[in-house]
There are 2 protein chains.
Amino acid sequence: MAKIKEMKITTLGYALLGLLARSEQTGYDLSQGLKDPVSFFWHAQHSQIYPELAKLEFSGLVKYKLIEQTERPDKKVYSLTPLGKKHLEMWLHAPLTVSKVRDELVLKAYSLWLADSKAAVQMMRDHAEAHAERLAEYERRLELVKRKTNKQPSLESPWFGVQAVLMRGIGYEREYVAWCKWMIERLEKT
Amino acid sequence: MAKIKEMKITTLGYALLGLLARSEQTGYDLSQGLKDPVSFFWHAQHSQIYPELAKLEFSGLVKYKLIEQTERPDKKVYSLTPLGKKHLEMWLHAPLTVSKVRDELVLKAYSLWLADSKAAVQMMRDHAEAHAERLAEYERRLELVKRKTNKQPSLESPWFGVQAVLMRGIGYEREYVAWCKWMIERLEKT
DNA sequence: TCCCTCATGTAAAAGGTTACATGATTTA
DNA sequence: TAAATCATGTAACCTTTTACATGAGGGA
């Protein structure tokens, strides 16, 4: 009656399954993948990824081939098992509550009536610039998707996922820049 | 040489200081305050707030009066000390890197090419509705700010902080709804 | 020479959620 | 009668970050 190989899959686990559904990868690759472009909505350090992969493997959701290398450390190339794909699909269809936001800049804005307004303007300028850069990067990537798929990916193509998250990223960053600019204007005209 | 009363202040600590800079409050009040409207960009459970307040008090950033009550449990009314205000202002002026986003719906969107598109549409509809409700709520609150401050709060008024975060909230939710609608359209026309 | 990339892990600490614990009053 | 509000806390657990650990090869 003992429950074997049953472990609760975390959101990070599903993030990894989602990446592996596209192509087999090493833990190292995945830690890069969770930077770019997935990093926009989910991120993790390699110290979290390696143990998570071990759990997924133990639960039979992923498997790996060991590739021996001479000039580089050996590597484990992970791929989805049919069970892993099934679990990923189950997760996709499960209901989800709205994710909570944590944004330290907005938290600061809440107390900005106590701050020096010149310093506040400078802070907002810096963030406007950082978000504008991200916006440009996502727009560049969306152009790339268009080129690779002839205008529009089909709904069954992994490129659809890329398009979907880039669209969200673009909207998010564009709106963030607009807010920073509104803040700057408000702070500047006494 | 021993370091006494020196503790690193967490972001939650600053969130609490920012609330106490507006008015003295109990831990209970603060846990409500971190729901509404601050919850949009920072949130915490009371189990995190009470120990954090104790730390802030130990460090001399806040103090409290014990109010004895007969029909209700006794309460501690916290307020900012001058040191607390100084630290809050220092934090406001400290540089800040861009906050990372964690959004499980966008994570799902990335793998949505594997899902049933009808179910996906339903999920997007639910989220569009939830975000539209928040949008309406923030807009209602912004109207209230306008009425309370005769159109526009001054930069030195705490209402400016409220206006700032509501503006961000409104932009965020409006853009989120727009993305959900774009997703629905894409998923519906084959 | 120093830093970056590839490549995998572990350990410790910090941050955050869920559950446990108590108990009177008010509202549905 | 059941749930919500007021009011404060602790304990256990889970998640995430930062630091420790190793080591070869390539580029500035």
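Reminder, nothing fancy here: chain letters follow the sequence lines and each chain counts from 1. The figures that follow rest on heavy atoms only: side chains count, while hydrogens, waters and symmetry mates do not.
For the contact set between residues 90-107 of chain A and DNA chain C, defined by any heavy atom under 4.0 Å, the members are R102(A). Scanning residues 11-24 of chain A for heavy-atom distances under 4.0 Å to DNA chain C yields an empty list.
E71(B) comes within 4.0 angstrom of sugar-phosphate atoms only, judged by non-hydrogen atoms across all strands, and of no base. Residue contacts for Q45(B): at a heavy-atom cut-off of 4.0 Å it reaches a base atom on one of the strands shown.
Ring-plane geometry between Y78(A) and Y64(A) is classed as tilted, the angle between the planes lying from 30 to 60 degrees on a 0 to 90 degree scale. Between Y176(B) and H131(B), the two ring planes are parallel [angle under 30°; tilted spans 30° to 60°].
In plain terms, the two heavy atoms of D74(A) and E68(A) that are nearest each other are OD1-CA, 3.5 Å. Taking both residues in full, the closest heavy atoms of L53(B) and V62(B) are given as O-CG2, 4.0 Å, listed atom of the first, atom of the second, then distance.
The 5' end of DNA chain D is approached more closely, in terms of each residue's nearest nucleotide, by I9(A) than by the other of I9(A) and P73(A). Closest-nucleotide positions on DNA chain D for G27(B) and K55(A) were compared, and the one nearer the 5' end corresponds to G27(B).
In this structure, Y78(A) places its OH atom 12 Å from C1' of dA7(C), rounding to the nearest Å. For the pair D29(A) CG and dT5(C) C1', the computed distance is 12 Å after rounding to whole Å. As rounded to whole Å, 16 Å separates atom P of dA19(C) from atom CD of Q48(B). In this structure, OH of Y50(B) is placed 16 Å from P of dT17(C), rounded to the nearest angstrom.
Put simply, Q69(A) has no side-chain N or O that comes within less than 4.0 Å of OP1 or OP2 on dC6(C). OP1 or OP2 of dG15(C) lies within a sub-4.0 Å distance of a side-chain N or O belonging to K8(B).
Which of dT25(C), dT5(C), dG16(C) sits closest to the side chain of Y28(A) comes down to dT5(C).
Aromatic ring centres of F41(A) and Y172(A): separated by at least 6.0 Å.
In this structure, Q69(B) places its CD atom where more than 12 heavy-atom neighbours from other residues, nucleotides or ligands lie under 6.0 Å away.
In 5' to 3' order, the nucleotides of DNA chain D bounding all contacts with chain B (an atom under 4.0 Å from a heavy atom) are dT5(D) to dT17(D).
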